[in-house]
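Reckoned from all heavy atoms, side chains included, excluding hydrogens, waters and symmetry mates. We number each residue from 1, following the sequence as shown.
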Amino acid sequence: MSLIATLARLEAVSSGRARPAATVRHRHLSTRPLVFVPLTTAGEAGAPLGALVGTDRDAPRLLVVPQPRDRDLRFSFLADLADVVLPYIDSCAGAVEAAERTETDPETGKRVKVEVELCADAPQLIVPSRAGLDLVRLLGRSMRFRRTAEQDPEAPYPAPPRVPLLGRWLTHYGERSRVPGSSLLLALTDVLSRHWATGQSSLEDQHLGALLAWIDPPQGESGAEAARRAELARDAAGQLLCPPAGPATDPAFDNKLLAPAIERYDRARTALAAAEDALTADDRLAALTAAEREIRDLVESRTRPTWDAVWRGLDLLRALPEGAHVEERWTRDRWSFTGHRDRVLAGEPPQPRRDDAVTAANKLATREREQARLEAQEALDDPLVMAGRRLAGEAFAGEVTDVVMAYSEGRRPSPRPLVTVRTDDRPHLAERAKVYRSLGGKPQSAEFVGHEAEGVLVLRVLDKMGRGKEPEPGSVPEKGDRICFTLFEHEQRGGAKLPDPEETPWTHGGPPGEVVQEAADPITEEDVL
């Protein structure tokens, strides 16, 4: 945790209200996101109990599994979920715009620009907390390999056709959420805690109700008091007034309400199966319907407060102006969405359970590069974030006190002006270290020459001054200007090119040319409960 983040948390404790950790919004928010509030059965990972899902805050769709151990009911839940999610994804897959992309010409080997289609927008999924991200990945992992009756007529327990497709999309979104700065799949608690610092731990910030209590406490109540009530307050029946953000449920709810309701549902279903005549069957069907309605009401009572809290959090985030580089990162998300759409339409197989060595190395390199890019862009977009980098000695700001024109040595001397900057910051500058400032959205580099006095730095500007003998107007700081230089680069460089997967040596999964096709997941005992 940075020093400025620690100071913000201390101020939040002192004032009783969350303090801003950013002055702009660093994540893209769609005008029509799909909110997904899941609920799972305690003690059985990935067994869905229900969910609220939809794009309309006033009319969510409630999905319920009255008996989570029933495989058919699980598939019915997943099929209903696909009926909501896939049309939303398709609504963005058709509208495209022309874009240019650099590709390698297979004949010449040169990099050339080609015109391709880019989706004009991408669907955005929002879950309440980080645990929701894990559940999305788990659902995608469990669904994308399922065989349908069309694919394998002899497959036991065939899945509805749209279930494997939903699994592929959820897997893609789950993987994309691991890329720093991506906004395709967001956990609201992570986004809120990025923009506000509370007086509680980062683990406690994963409770959406407590986090919102710090950010926007009720009138006349401190954030700590409101957060404590959100976490612990219960009604006369012993149930939490503010259920957790899911997907886990409260043990008191499981033991006192949910378990008896499911037991009544099981008894009603068993009695209906044993009915001997139509009149008895009608009575028992009514009992089964009432038992199922009771479970639906229970699931809605646990998910609706979180659903409302998610939209309340989105309103708070939309009140912040969007950062300058957010649209650029969203464009990369659109490229990612378009690429996966094309792979699905081309009939490519689902993502493998384990990545090969080259793919795993590329993913790791991409995430490291995007993390560095995100940290740099957030600092450039936000003075409050830049203040944290300045406190850490990774940037400095000051006033230009003198500019002396100088030139490089050589056949064609180029301008290398010396700029003197007075600053109160203490950057960690080594001899001839490079520093950078944003000039028209592009990084201009300079070289640290030395200290003229305490707090007075001399820099040599190196580039972005034009091709002439004299610098272009505005390309060199002038006396009296306030400028900010960073010790970190604004643009991240790509790493070394890795070999193609089929050319991977035997030490990393070869031998070359041998491709092992992974089979679908085998049927386990859990699948036939």
Evaluate salt bridge (Lys or Arg N to Asp or Glu O under 4.0 Å) for R101 paired with E115, printing each intermediate quantity in order. CA-CA 6 Å; R101 185 169 61 188; E115 188 172 291; over 6 Å; no
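- Of the charged side-chain nitrogens involved, none lies within less than 4.0 Å of a carboxylate oxygen, so that R482 and E399 do not count as a salt-bridged pair.
- Note on D308 versus R57: no salt bridge recorded, every NZ/NE/NH1/NH2 to OD/OE distance being 4.0 Å or above.
- The pair E378-R194 meets the salt-bridge criterion, with a side-chain N (NZ, NE, NH1 or NH2) lying under 4.0 Å from an Asp/Glu carboxylate O.
- When all heavy atoms of W214 and A12 are compared, the closest pair comes out as CZ3-O, 3.5 Å.
- Here the shortest heavy-atom pairing between A406 and L418 reads CB-CG, 4.5 Å.
- In summary, R341 and E117 engage in a salt bridge, as defined by a charged side-chain N under 4.0 Å from a carboxylate O.
- Looking at R176 and D333, a side-chain N of the basic residue comes within less than 4.0 Å of a carboxylate O on the acidic one, giving a salt bridge.
- Here the closest heavy-atom approach between residue L39 and residue T303 is recorded as CD2-CG2, 4.1 Å.
- Salt-bridge formation is not detected for the pair K434/E447: no Lys NZ or Arg NE/NH1/NH2 atom is positioned less than 4.0 Å from an Asp or Glu carboxylate oxygen.
- Of all the heavy atoms in A51 and F36, the pair that sits closest is CB-CE1, 3.5 Å.
- The side chain to side chain donor-acceptor pair (under 3.5 Å) check on W196 picks up nothing, with sequence neighbours excluded.
- Between E225 and R228, no side-chain nitrogen of the basic residue sits less than 4.0 Å from a carboxylate oxygen of the acidic one, so the salt-bridge criterion is not met.
- Looking at every heavy atom in both residues, P427 comes nearest to L457 through CG-CD1, 4.1 Å.
- Salt-bridge check for R422 with D402: failed, with every basic side-chain N at 4.0 Å or more from each acidic carboxylate O.
- With a 4.5 Å cut-off on side-chain heavy atoms, E478 and V403 do not count as touching.
- Residues L208 and L188 meet the side-chain proximity criterion, which asks for heavy atoms closer than 4.5 Å.
- D205 CG to S193 OG: the interatomic distance, rounded to the nearest 0.5 Å, is 5.5 Å.
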What verdict does the salt bridge (Lys or Arg N to Asp or Glu O under 4.0 Å) test give for R137 and D134, after you've listed the backbone C-alpha separation in whole Å, the side-chain angles of each residue and the deciding distance to 0.1 Å? CA-CA 5 Å; R137 298 189 193 106; D134 297 333; 2.9 Å; yes
When you look at T486 and H490, which way does the side chain to side chain donor-acceptor pair (under 3.5 Å) test go after all the steps? CA-CA 8 Å; T486 68; H490 299 179; 2.9 Å; yes
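- Rounding to the nearest 0.5 angstrom, the gap separating the CG atom in L184 from the CZ atom in R332 is 12.0 Å.
- Using a 4.5 Å heavy-atom threshold, the side chains of P321 and R25 count as separate.
- The shortest side-chain heavy-atom distance between Q200 and H207 does not fall under the 4.5 Å cut-off.
- Here the shortest heavy-atom pairing between H172 and Q351 reads N-NE2, 3.6 Å.
- Between F396 and F485, the angle of the ring planes stays under 30°, which puts this pair in the parallel group of the 30/60° scheme.
- With respect to E221 and R229, a salt bridge is recorded, a charged nitrogen being found less than 4.0 Å from a carboxylate O.
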